[in-house]
Amino acid sequence: MTPEPKMLLLVDDDDSLRRVLHHHLTQAGYQVLTAANGEDGLRLYTENPVSLVITDVLMEGMDGTELLRRIRALSDEAMVIVITAHGTIEAAVTAMKLGAFDYITKPFNREELLLTVSKGLQFTDLVRENKSLKRFINEHFSITNLVGASTGMRKVLTLVEKVARTDAIVLITGESGTGKELIAKAIHQNSRRRDKPFVVINCGAIPEGLLESELFGHKKGAFTGAIADARGVLESAEGGTVFLDEIGELPLSLQVKLLRVLQEGEFLRVGDHAPHRVNVRFLAATNRSLDKMIAEGDFREDLYFRLNVVPLVLPPLRDRREDIPILADMFLTDLANKYSRPYLRIEKDVFRYLGAYPWPGNIRELKNTIERMVVLAEGDTITLSDLPEPFIKPAATVGRVTLHLPDEGIDLDAVEKEILVQALEKNGWNQTHTARYLSLTRSALIYRMQKFALDEHSYKRHPA
């Protein structure tokens, strides 16, 4: 279904200009209300679901500044753009101090008008999303609500509680799907910056050519299509937290610019020469080995040291199996409500299969699996017949391996390391072949190799 067009309110006592602007805005697809004075404009604002107001500053009776003041008193989220002439810039500055989003100076063209309106509406959506996110985080991301009965997760949550009280940069590492963004949100929500923005930028999802402008903003004329100044993520997050997800994907050309922000607290917009200062807290996350990237020349060592003030390593789900039933029950509660199946429960035998599965996709895969079973389950109980095929396939047999367990006990880590070494040697240290031999994903094998510092050359030089 096509969404309703956004409603704009245009207030200007110049009949000719009002008609021209009304034409431009309606042609762009907006629903436009018009008023010739501030009194009528205020009445229309109170009677209609207006998304954005455009008002002239100089008008008889209630001028644009007073209209702005009245509207902002009604709603602190009100989005207002003021129109001013060259000789009334001071009035525009006053309006900005009162909460106007932006101003446009006469004479202006259609493109400048539409771009400013589009930016204002986008910012309105961002503010609303941010408030919605804060409500969601308040409900879901307090440290006491984070799930972690296993030893590894208890250590993580203890560290989260400590670092949340500070402004320290935190580098969150772990496999894909382990909940790095959730932990970042929890750190922000439990910090003194909780009432300020939490802004996420995925360094691997934005084209390199746009990433610098996305981060730092740009000046009008900095490149083709830059027809007005634009704020970047850093300015949007002023006073709050910036979460740099997939930091390992950040191009080298931008790594040095990010380093300047971390060291000096200032940055340059694209096309600008005057530095801007910013007060934000940085959190970063990656599922890549930054040490390896540094060795290969793909990541700056000085940036790594600046980011790695407090390292926080999230264990994969297969290493915190005690948490699987708790997580599964939590997801079941949320998803059963989402799909209006409040009486749904999981049969006890299902947990045995969930606990035995290797979970290459970690928590994300677990949630998706529970959602699939909630959607497809026939009755009010999720049974073994509702499990996807990978969970019910017979496990690979041990073959001719015979284990003799001594009475005095064993060192499980040492046994795991020995199995890895023998499997790697059997497959010529080829990770793909070894992973297949051990019925692991390649990322799971690499994780275990890193756990025991296993490398073909170093291991041969320093055998255990």
Side-chain angles (χ1 to χ4, degrees), residues 1-4 125 128-150 152-154 156-157 160 174-186 188-190 198 200 202 243 245 287 314-395 441 444:
M1 187 169 64
T2 304
E4 285 288 320
D125 290 340
R128 288 173 180 165
E129 287 173 9
N130 216 291
K131 288 195 172 184
S132 176
L133 174 63
K134 285 179 180 177
R135 285 194 297 270
F136 181 79
I137 289 176
N138 281 331
E139 296 170 1
H140 293 81
F141 297 114
S142 69
I143 292 174
T144 55
N145 286 338
L146 293 179
V147 172
S150 61
M153 277 307 295
R154 285 202 302 270
V156 167
L157 297 182
V160 166
E175 294 179 13
S176 179
T178 49
K180 295 186 287 295
E181 184 171 341
L182 184 146
I183 292 295
K185 288 176 181 176
H188 171 76
Q189 175 57 23
N190 291 277
F198 175 81
V200 180
N202 189 317
F243 175 50
D245 199 8
N287 59 8
L314 297 187
L317 187 56
R318 60 185 168 274
D319 286 351
R320 45 179 297 208
R321 295 184 185 275
E322 309 97 300
D323 295 334
I324 291 175
I326 307 172
L327 287 163
D329 276 333
M330 180 185 73
F331 293 143
L332 176 67
T333 299
D334 289 344
L335 293 166
N337 288 331
K338 175 182 176 181
Y339 291 105
S340 301
R341 306 193 64 178
Y343 302 109
L344 201 60
R345 66 181 185 85
I346 300 176
E347 191 178 69
K348 187 182 296 184
D349 284 349
V350 172
F351 288 109
R352 180 162 52 88
Y353 283 82
L354 295 179
Y357 184 68
W359 297 108
N362 293 294
I363 297 173
R364 185 183 298 123
E365 185 183 6
L366 174 60
K367 182 177 181 180
N368 291 344
T369 300
I370 299 297
E371 183 165 14
R372 173 179 173 175
M373 293 193 295
V374 167
V375 170
L376 299 179
E378 294 291 341
D380 285 338
T381 303
I382 293 174
T383 67
L384 293 178
S385 63
D386 298 310
L387 280 168
E389 184 181 350
F391 292 85
I392 55 179
K393 284 195 314 184
T441 63

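All values derive from a computational prediction rather than experimental measurement.
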Give the minimum heavy-atom separation between Arg341 and Val374, together with the two atoms involved.
NH1-O, 2.7 Å
Would Arg154 and Glu322 satisfy salt bridge (Lys or Arg N to Asp or Glu O under 4.0 Å), going step by step from the backbone distance to the final call?
CA-CA 12 Å; Arg154 285 202 302 270; Glu322 309 97 300; over 6 Å; no
Considering all heavy atoms, the nearest Phe198-Ala184 contact:
CE1-O, 3.8 Å
Rounding to 0.5 Å, atoms OH (Tyr339) and CG (Asp334) come to a distance of 12.0 Å
Is there side-chain contact between Ile346 and Ile370, with heavy atoms separated by less than 4.5 Å?
yes
Heavy atoms only: give me the nearest Ala377-Leu344 pair and the separation to one decimal.
CB-CD1, 4.4 Å
Any idea which heavy atoms bring Pro358 and Arg321 closest together, and the distance?
CA-NH2, 3.9 Å
Could you go step by step and tell me if Arg345 and Ile382 meet the side chain to side chain contact (heavy atoms under 4.5 Å, CB included) rule?
CA-CA 6 Å; Arg345 66 181 185 85; Ile382 293 174; over 6 Å; no
Ion pair present between Glu181 and Lys185, side-chain N to carboxylate O less than 4.0 angstrom?
yes
Would you compute the distance between atom CD of Glu175 and atom CG of Asn287 and round it to the nearest 0.5 angstrom?
8.5 Å
Hey, does Asn190 have a side-chain heavy atom less than 4.5 Å from the side chain of Val160?
no
Going through the checks in order, is the side chain to side chain contact (heavy atoms under 4.5 Å, CB included) test met by Met373 and Asn368?
CA-CA 9 Å; Met373 293 193 295; Asn368 291 344; over 6 Å; no
Tell me, do Asp386 and Thr381 make a side-chain contact under 4.5 Å, heavy atoms counted?
no
Output yes when a side-chain donor or acceptor of Lys367 lies under 3.5 Å from a complementary backbone atom of Phe331, and no otherwise.
no
Checking Arg320 side chain against Ser150 main chain: does a donor-acceptor pair fall under 3.5 Å?
no
Quick check, are the ring centers of Phe391 and Tyr353 under 6.0 angstrom apart?
no
Calculate, to the nearest 0.5 Å, the distance between atoms NZ and CG belonging to Lys348 and Leu384 respectively.
13.0 Å
Decide yes or no on side chain to side chain contact (heavy atoms under 4.5 Å, CB included) for Leu157 and Met153, but give the supporting numbers first.
CA-CA 6 Å; Leu157 297 182; Met153 277 307 295; 4.2 Å; yes
Could you go step by step and tell me if Leu335 and Val375 meet the side chain to side chain contact (heavy atoms under 4.5 Å, CB included) rule?
CA-CA 9 Å; Leu335 293 166; Val375 170; over 6 Å; no
Under 4.5 Å between any side-chain heavy atoms of Leu354 and Trp359, yes or no?
yes
Is a side-chain N or O of Asn362 found less than 3.5 angstrom from the main chain of Ser176, in a donor-acceptor match?
yes
Do side-chain atoms of Arg372 reach the backbone of Pro388 as a donor and acceptor pair under 3.5 angstrom?
no
Which heavy atom of Thr178 sits nearest a heavy atom of Pro315, and at what distance?
CG2-O, 3.8 Å
Taking all non-hydrogen atoms of both residues, which atom of Thr383 and which atom of Val350 are closest, and how far apart?
C-CG2, 3.5 Å
Could you tell me whether a side-chain N or O of Thr333 sits under 3.5 Å from a main-chain N or O of Asp329, the two making a donor and an acceptor?
yes
